[in-house]
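What follows is a single structure, written as structure tokens, with notes after it.
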Amino acid sequence: MSISRRSFLKGVATTSAVSLVGPSLLMSSKANAAETTGTWRVSGSHWGAFRAHIYGGKVQEIKALELDEHPTEMLNGIKGIIYSPSRVRYPMVRLDWLKKHKYSGETRGNNRFVRVTWDEALDLFYRELERIQKDYGPWALHAGQTGWRQTGQFHSCTSHMQRAVGMHGNYITKVGDYSTGAGQTIMPYVLGSTEVYAQGTSWSEILEHSDNVILWATDPVKNLQVGWNCETHESYPYLEQLKQKVADGKINVISVDPVKNKTQRYLNNEHMYINPQSDVAFMLAAAYTLYTEDLHDKKFIETYCLGFDDFMQYVLGETKDKVVKTPEWAAEICGVSADQIREFARMLVGGRTQILFGWCIQRQEHGEQPYWMGAVLSAMTGQIGLPGGGVSYGHHYSGIGVPSTGFAAPGGFPRNVDQGQVPKWNNDDFNGYSKTIPVARWIDCLLEPGKEIRYNGSKVKLPDYKMMVISGNNPWHHHQDRNRMKKAFQKLQTVVTIEFAWTATCRFSDIVLPACTQWERNDIDIYGSYSGRGLLAMQKLVDPLYQSKSDFDIFTELTRRFGRHKEYTRGMDEMEWVRSLYSDCRKANEGKFEMPEFDEFWKKGVLDFGTGKPWVRHAAFREDPEINALGTPSGFIEISSRKIDRFGYEHCQGHPMWFEKSERSHGGPGSKKHPFWMQSCHPDKRLHSQMCESEEFRATYSVQGREPVYLNPKDAKAKGIKDGDLVRVFNDRGQLLAGAVLTDSYPEGVIRIEEGAWYGPLNEKVGAICTYGDPNTLTQDIPSSELAQATSANTCLVNFEKFTGKVPPVTSFGGPIIVE
Ligand SMILES: Nc1nc2c(c(=O)[nH]1)N[C@H]1C(S)=C(S)[C@@H](COP(=O)(O)OP(=O)(O)OC[C@H]3O[C@@H](n4cnc5c(=O)[nH]c(N)nc54)[C@H](O)[C@@H]3O)O[C@H]1N2
Ligand SMILES: Nc1nc2c(c(=O)[nH]1)N[C@H]1C(S)=C(S)[C@@H](COP(=O)(O)OP(=O)(O)OC[C@H]3O[C@@H](n4cnc5c(=O)[nH]c(N)nc54)[C@H](O)[C@@H]3O)O[C@H]1N2
Ligand SMILES: [Mo]
């Protein structure tokens, strides 16, 4: 049921008028004078497209591409990624793993490594793959973790790793992702698709038709700085218009959020403060109000929905917990007064209301519930499928809401072995274990191998894997609860990581292979993940630094060791692949989009296909629910789901419900001991852990060299903490050091440390303090529920104090301790 982002994006196309603008964007005359003045080349990134000035074999300057009218300041961090002191320079092997001829799990993480040659490193890698397949079987190898690999359709690195390793033998894969694990699992039951990765109602329709826009746990101004493919930032002109409409009193924009986030500060719109993790209670009370005041759209519910009565019985306290979900009941939980809740409910139906959800709210325990309940609330307004009405779950992501041109995106390097090919170890026997695991449960496998867990209507038996191969993701950033991970990793026999940055994942690996960055190779990329704005050339800026190689070259050499390199490469080199992806794309767009010969495209640097036609999500369903039935079991909006009900889960039942959290601030469980809710939102000045290694750029936001912790001034004062002080943040799971930033944007009882801060343990021991401020030192590693088994990073309470001890140096950056 889950659709991968890639396969989805290929299908994104809606058709529209053709336009090829493509002004001559690449300098020509200047290029000849390369020797004296250098050259300018075009490339791209998650942060956008740019021109880079190369002189003396070095990238000197990065300038946003002219097409990008709203570039992010993160472009300033790119040079610092290429020339970071944390680059992986040489193939490295962990000292104890190599020397002691056993796996030495107890010293894993001490960061002591030995430099080896490429041949030695690849021989060891191959030896370990052989050993695992021979001694155990495919269930003992996990090569399924994925993440935010750098952009470029050909070099997408995880595909290279998985294809090469897959040519050798089978391995464990994952389902779902950290971003939207709970949302993408629940929504197909409710609205018939993941919703989170679906194209949404165009911003222009919202600007024209909405009376109310509810920004529910969403921060588009911050989060649209990056995209899954090369980002165009085409959403920003719409946000500018929205700001104007707020100023003119033409659209009522309300942010429902515990904090005044970047978007709210930018739009200067109304803030509806809500206690963290309490939204479902709030929404249930709003539903209660609509129903008891007879304000809900009965005709819509009758025509388009299923299971309203069962749900209302719960709201009215007739079933399940027998609690009447009045605004007074909810007010106790969510910190919003009963009158405000009633007013909010009346406002929803007082005009055209577009609800826009972010994703953080489903990255918490029972994260399925707010999304389901959001759809129910919107259904009660009767506005789903109307322009400027209804509910969306992605307008903060990769340009969703910018109309699609309909351009058919280029393919990429294949992740799987080709049809008809079999792996060297052609063994598909997983020894009774599951071959695929819910993505966030991979540490559970190490700690509780063989355990059977429930997942989305099926059972999963956690495999007892012994080896991991990691590429294009940073699990020692992305997963929760570092000290639990430390214990688990001691059990692993072998970890191989292919990286360009010496992340904590490298530190906890045995073999580390130096990849180059995307700016040290040639590629093509989609310009605008959802808008399909154009096609971008990624022209190599400089040769691979130190001994790094492209992932393609690395895995060509690995597959050569078992005679599969010709199958792996299909006999093509880098530029042949790039040309072939271009030429297939050109064919697919024939008659629709004019694309020149490859050489002309490459010289130009970018093709611009203009803008698509506005579009309204769920409009077709609204127009004819029989012909355009939703993908739910019934074809209707499922306010109650028989299917989920029959799974018999405790924490995801037949309709949306309020469940108390294991940890909740503002008087909830655990708040006496650890009174503060820590939100680990996505960083304003990074992409996850990427760019944390960029020294000069990091210095623009770090505090005493540490990651900022954002605090309410009153909370800080009560603990004698001033702006700029070092703070120790802790709970029973761990402790970290961070630098205090005091701001009224955060309410009392709420602190923020952005995810992606590089883990820098003082030493490899369980419990060691993180010297830089990785919030996942403190988060809980628990599933959202039996349905999605998704991450619950934002169900996390902490305490903090002024740090007064001897200040340890930051250990996160600068690579391994090299032992001769
Ligand atoms: N507490 C908390 N934790 C979270 C989240 C949260 O909100 N709170 N958010 C979660 C979410 S939504 C996500 S998506 C994940 C993100 O988790 P990840 O996707 O794992 O995070 P990144 O930092 O983007 O890691 C990508 C890594 O790949 C490497 N890399 C990039 N390109 C290449 C390449 O071409 N070749 C090779 N060999 N390596 C490359 C980068 O150097 C980087 O270390 O984090 C999750 N974790
Ligand atoms: N700059 C930048 N942009 C990014 C990324 C990045 O790393 N950097 N990562 C990208 C990726 S992979 C993803 S998954 C998305 C993530 O997108 P999201 O998960 O939507 O982003 P967050 O910033 O973590 O959270 C958005 C808002 O949710 C609010 N919030 C958190 N918990 C609650 C709650 O219980 N109730 C309510 N009402 N509000 C709550 C937070 O205060 C915050 O304002 O961002 C993408 N965009
Ligand atoms: Mo994500």
Side-chain angles (χ1 to χ4, degrees), residues 46-47 72 74 81 88 145-152 155-158 160-161 177-181 196 215-220 222-228 231 255-264 272-279 282 334 357-364 370 394 396-398 440 470-480 497-501 503-506 513-518 521 548 550-551 554 677-693 746 750 752-756 758 774-776 778-779 791 793-796:
H46 291 296
W47 301 279
T72 160
M74 279 187 269
I81 294 181
V88 182
Q145 210 73 0
T146 67
W148 277 70
R149 88 291 177 260
Q150 290 194 311
T151 55
H155 284 292
S156 185
C157 66
T158 316
H160 288 268
M161 184 275 281
D177 56 42
Y178 282 80
S179 310
T180 66
V196 289
L215 300 174
W216 210 309
T218 188
D219 198 352
K222 169 170 71 66
N223 287 344
L224 289 165
Q225 294 177 93
V226 306
W228 177 245
E231 182 51 48
S255 296
V256 184
D257 206 301
V259 311
K260 290 182 190 288
N261 64 28
K262 193 175 183 185
T263 305
Q264 198 251 331
M272 165 73 89
Y273 166 82
I274 187 165
N275 282 342
Q277 306 189 88
S278 71
D279 303 71
F282 177 95
C334 62
F357 277 102
W359 293 347
C360 193
I361 195 176
Q362 52 85 63
R363 234 176 277 117
Q364 60 175 235
H396 63 290
Y397 180 70
S398 289
I470 299 165
S471 160
N473 64 98
N474 182 5
W476 282 81
H477 132 63
H478 73 222
H479 195 65
Q480 286 57 64
T497 296
I498 303 96
E499 254 292 359
F500 59 78
T503 60
T505 297
C506 297
L513 304 176
C516 63
T517 70
Q518 62 186 339
R521 57 200 192 199
S548 69
S550 73
D551 297 272
I554 294 171
W677 180 62
M678 183 190 75
Q679 54 166 218
S680 44
C681 288
H682 285 231
D684 188 28
K685 291 182 177 13
R686 285 192 297 266
L687 170 62
H688 313 299
S689 72
Q690 297 186 57
M691 203 169 273
C692 197
E693 74 266 36
Y746 296 81
V750 171
R752 176 183 294 193
I753 304 179
E754 291 175 337
E755 56 109 327
W758 275 30
D774 169 10
N776 279 322
L778 303 168
T779 50
T791 181
N794 289 294
T795 299
C796 177

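Whatever order the structure lists ligands and atoms in, that order sets their numbers, starting from 1.
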For H396 and W359, I'd like to know if the aromatic rings sit close, meaning centre-to-centre distance below 6.0 Å.
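H396 vs W359: aromatic centres under 6.0 Å.
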
Centre-to-centre under 6.0 Å for W148 and W228, is that the case here?
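Between W148 and W228, the centre distance is under 6.0 Å.
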
Min heavy-atom dist [X] to ligand 2 below 4.0 Å:
{"X": "Q364", "value": "yes"}
{"X": "V226", "value": "yes"}
{"X": "M74", "value": "yes"}
{"X": "Q690", "value": "no"}

With heavy atoms of S179 as the reference, note each atom of ligand 1 found under 4.0 Å away.
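Counting atoms of ligand 1 from 1, those under 4.0 Å from S179 are 12 (S), 14 (S).
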
Below 3.5 angstrom, do we get any N/O pair linking [X] and ligand 2?
{"X": "V256", "value": "yes"}
{"X": "C360", "value": "yes"}
{"X": "W677", "value": "no"}
{"X": "W148", "value": "no"}
{"X": "A217", "value": "yes"}
{"X": "H688", "value": "yes"}
{"X": "S680", "value": "no"}
{"X": "H682", "value": "yes"}
{"X": "D279", "value": "yes"}
{"X": "P683", "value": "yes"}

Select one of side chain, backbone, both or neither to describe which atoms of [X] lie under 4.0 Å from any atom of ligand 1, heavy atoms only.
{"X": "N474", "result": "both"}
{"X": "T503", "result": "side chain"}
{"X": "E499", "result": "both"}
{"X": "N473", "result": "both"}
{"X": "A793", "result": "side chain"}
{"X": "H478", "result": "both"}
{"X": "H155", "result": "neither"}

Considering [options], which one's heavy-atom position lies nearest to [atom]?
{"atom": "atom 7 (O) of ligand 1", "options": "Q679, E693, R363, H160", "value": "R363"}
{"atom": "atom 1 (N) of ligand 1", "options": "T505, L513, N776, T146", "value": "N776"}
{"atom": "atom 18 (P) of ligand 2", "options": "N223, D684, T218", "value": "N223"}

Sequence-distant partners of D257, side-chain contact (heavy atoms from CB on, under 4.5 Å), two or more places apart
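Residues passing side-chain contact (heavy atoms from CB on, under 4.5 Å) with D257: V259, N261, H271.
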
Under 4.0 Å, heavy atoms only, figure out whether ligand 2 is touched by the backbone of R752, its side chain, both or neither.
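The answer is the side chain.
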
With a 4.5 Å heavy-atom cut-off, do F500 and V88 have their side chains touching?
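Of all side-chain heavy-atom pairs linking V88 with F500, none is under 4.5 Å.
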
Just by modelled atom types, is the [Y] backbone N or O under 3.5 Å from a matching donor or acceptor in the [X] side chain?
{"X": "H46", "Y": "R149", "value": "yes"}
{"X": "Q362", "Y": "S179", "value": "yes"}
{"X": "D219", "Y": "K262", "value": "yes"}

Non-hydrogen atom of [X] closer than 4.0 Å to ligand 1:
{"X": "Q518", "value": "no"}
{"X": "G472", "value": "yes"}
{"X": "R521", "value": "yes"}
{"X": "Q480", "value": "yes"}

Pairing residues for D551 by the salt bridge (Lys or Arg N to Asp or Glu O under 4.0 Å) criterion, not counting sequence neighbours
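D551 satisfies salt bridge (Lys or Arg N to Asp or Glu O under 4.0 Å) with R521 only.
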
